Each structure stands twice: as structure tokens, then as C-alpha cells.
Amino acid sequence: MLSDDELLRYSRQILLKQIDIDGQLTLKQSRVLIVGLGGLGSPVALYLAAAGVGELHLADFDTVDATNLHRQILHGTTSVGRAKVDSAIERLEALNPLVKVVPLRTALDADSLGPAVAAVDLVLDCTDNFAIREAVNGACVAAGKPLVSGAAIRLEGQLSVFDPRVASSPCYHCLYGHGSEAELTCSEAGVAGPLVGLVGSLQALEALKLLAGFGEPLVGRLLLIDALTSRFRELKVKRDPACAVCGTRNG
């Protein structure tokens, strides 16, 4: 049941016929893992907490640096030097004390990812590390949990949803293969703050759609964002039957 306080807090969201009271209750009962609390993870965490997702599991082993502040809006100047998880908890509890926050302060690896993913309903990849992205994808495929993946660098962004519950859905590996550790990060190539805010906000929206069961999630579609020209493009992405990660799954 939703309390009177919850009905008031989420009233404008409940007015949407796609969500209504049933959808809001589903959000309250949902558990989400956010991997990375930087430029993408900041708007993701803020919007999911504000929307009333009942339990947020926050995974990040890094500390806040002054160079983060132009884009990582979850953290403030007084958070510099603090663990990002601790800074995030303080901000999210101030935003919405009705949401439970579960901290994961150590780096996730193949051993710890399995239980972390199994404990939630949905995962959001908000990192900029290819090895971690691959590991998160593998854990989601193994556990049958949907993954909302976003990326942003310079003035370009990408977004897609990989859902192993959907037989035709590709996984992250189908799209990107083995990738390359030589790929640039934001610290090397730069990034515009509002761009990561845009991609992260879209990730949060995709998560709400998946959890509450409305709309058309970006499954089998890759959204490309060109911030320089303010243009969006969409590419169809097919599942690779020979994929080393999801090629042998049922469905």
C-alpha cells in the first residue's frame, strides 16, 4: 500500500495513466543496482530516488574529485575527498527519505557481481570502464536481469537496453564485442556536463518504463546522441546467436 505521504509526494506521477497507483506501488517494491555514481549515475540516482523506486543499491569505490563537479551533480564542493557512495547517500536521503539506500563501497568483480545483480530487479550501467561493463553484462545475462546501459564522451552519447527476458534482445557483448581498454575516458577526452545529464536522465526513464511496465523500452535499439548538432539517431541492434556471452541462453 501507498501511504498518504507517498500519494501526495508522487501525485503528479500517479496522474499518468501509464503509471497510476499500481505502477507507483510496483516502483516502491522495486530494487535497482546503479553501477557508478559519476556523471551518468548522478541523474540516474536522483531521478529514481525522486520517483519512489523503493531500494537503490549504489556501487562505487571512488572518491569525489574537484574535476568531477562540473557534471557529477550528485556531489557538491564539500564532498571533495569523500567516498562517492557516502556523498550520494547523504544527498538521496535528503531528497527522499522514503527510499532505502544500500551502499556497495568496494569494486565489483566477477565474484561479487553475481550476488549484487541477483539481489535486484534491474541494473543500470553508469560506468566508463569497459571491463566493468562487460562483467556487469555477463552477470545480468546469467541472472536474467535487464540492463540499462549509457555512455557519454566529448559531445556524443549512446543509450540502449539489454533485456535477457526478451528472446530477441541482444546483450552488451553482441553490440560491442571485446571492445578495447585503449578507449578514451572522460578524464582524457573531456565531456560536456549537460550531455551526461541527458543520457543519465534517459537511463532513469528507461528504468521506470521497465519496472512499471509501460512504453517501449530501447531493447534492440541503440540511441545515438550528437550534442553538437542536437540530433538523435537510432540504430537497430540484433542478437548475435554466436555471442560468447548470451549465445547459449534459452529463448
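Being a predicted model, the structure only gives us computed values, none of them experimental.
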Heavy-atom closest contact (Val148 atom, Gln203 atom, distance): O-NE2, 3.3 Å
Given Asp86, which of His75, Arg105, Arg91 fulfils the side chain to side chain donor-acceptor pair (under 3.5 Å) condition? Arg105
Paired with Lys84, the side chain to side chain contact (heavy atoms under 4.5 Å, CB included) test is passed by just one of Asn68, Leu58, Thr63, namely Asn68
Measuring only between side-chain heavy atoms, which start at C-beta, is Val44 closer than 4.5 Å to Leu37? no
Output for pair (Ile225 CD1, Arg231 CZ), nearest 0.5 Å, gives 14.5 Å
Hey, could you give me the CG/CG distance between Leu210 and Leu147, rounded to the nearest 0.5 Å? 10.0 Å
Hey, are Tyr10 and Asn96 close enough side-chain-wise for a donor-acceptor pair under 3.5 Å? yes
Kindly indicate whether the side chain of Leu124, heavy atoms from C-beta on, has any atom under 4.5 Å from the side chain of Val35. no
Looking at residues at least two apart in the chain, or sitting in another chain, which of them share a salt bridge (Lys or Arg N to Asp or Glu O under 4.0 Å) with Glu6? Lys28
Distance col, row Ile132:CD1 vs Asp109:CG, nearest 0.5 angstrom, shows 10.0 Å
Keeping the roles fixed (side chain from Arg71, backbone from Thr67), state whether a donor-acceptor pair exists under 3.5 Å. yes
If every non-hydrogen atom of Gly150 is compared with every non-hydrogen atom of Val199, which pair is closest and at what distance? CA-CG1, 4.0 Å
Using modelled atom types only, decide if a donor and an acceptor are shared between the side chain of Ser112 and the backbone of Leu108 within a distance under 3.5 Å. no
We want to know whether Lys209 and Gln18 form a side-chain donor-acceptor pair, criterion being a heavy-atom distance below 3.5 angstrom. no
We want to know whether Arg133 and Ser149 form a side-chain donor-acceptor pair, criterion being a heavy-atom distance below 3.5 angstrom. yes
N/O donor-acceptor pair under 3.5 Å between Asp121 side chain and Arg31 backbone: yes
Within one Ile-Leu-Val-Met-Phe-Trp-Tyr cluster: Val141 and Val219, side-chain cutoff 4.5 Å: no
Against Glu55, only a single residue in Val102, Val101, Val32, Val120 fulfils side chain to side chain contact (heavy atoms under 4.5 Å, CB included); can you say which? Val102
Check whether Asp125 reaches the backbone of Thr127 with its side chain - one donor and one acceptor, N or O, closer than 3.5 Å. yes
Donor-acceptor check, side chain of Lys236 to backbone of Gly220, threshold 3.5 angstrom: yes or no? no
Passing candidate, side chain to side chain contact (heavy atoms under 4.5 Å, CB included) with Gln158, options Leu222, Ile153, Leu235, Leu223: Leu222
Report, as yes or no, whether the 6.0 Å neighbourhood of atom OH on Tyr47 holds more than 12 heavy atoms from other residues, nucleotides or ligands. no
With a 4.5 Å heavy-atom cut-off, do Phe162 and Leu175 have their side chains touching? yes
Listed by chain and number, what are the side-chain contact (heavy atoms from CB on, under 4.5 Å) partners of Thr106, not counting sequence neighbours? none
Testing the basics here: between Leu104 and Ala116, what is the closest heavy-atom pair and its distance to 0.1 Å? CD1-CB, 4.4 Å
Side-chain donor or acceptor of Asp20 paired with backbone N/O of Gly23 under 3.5 Å: no
Under 3.5 Å, side chain of His70 to main-chain N/O of Val191, donor-acceptor pair present? yes
Which residues satisfy the side-chain contact (heavy atoms from CB on, under 4.5 Å) test with Asp22, sequence neighbours excluded? none
Ala51 backbone acceptor or donor facing Gln13 side chain under 3.5 Å: yes
Using modelled atom types only, decide if a donor and an acceptor are shared between the side chain of Arg221 and the backbone of Pro217 within a distance under 3.5 Å. yes
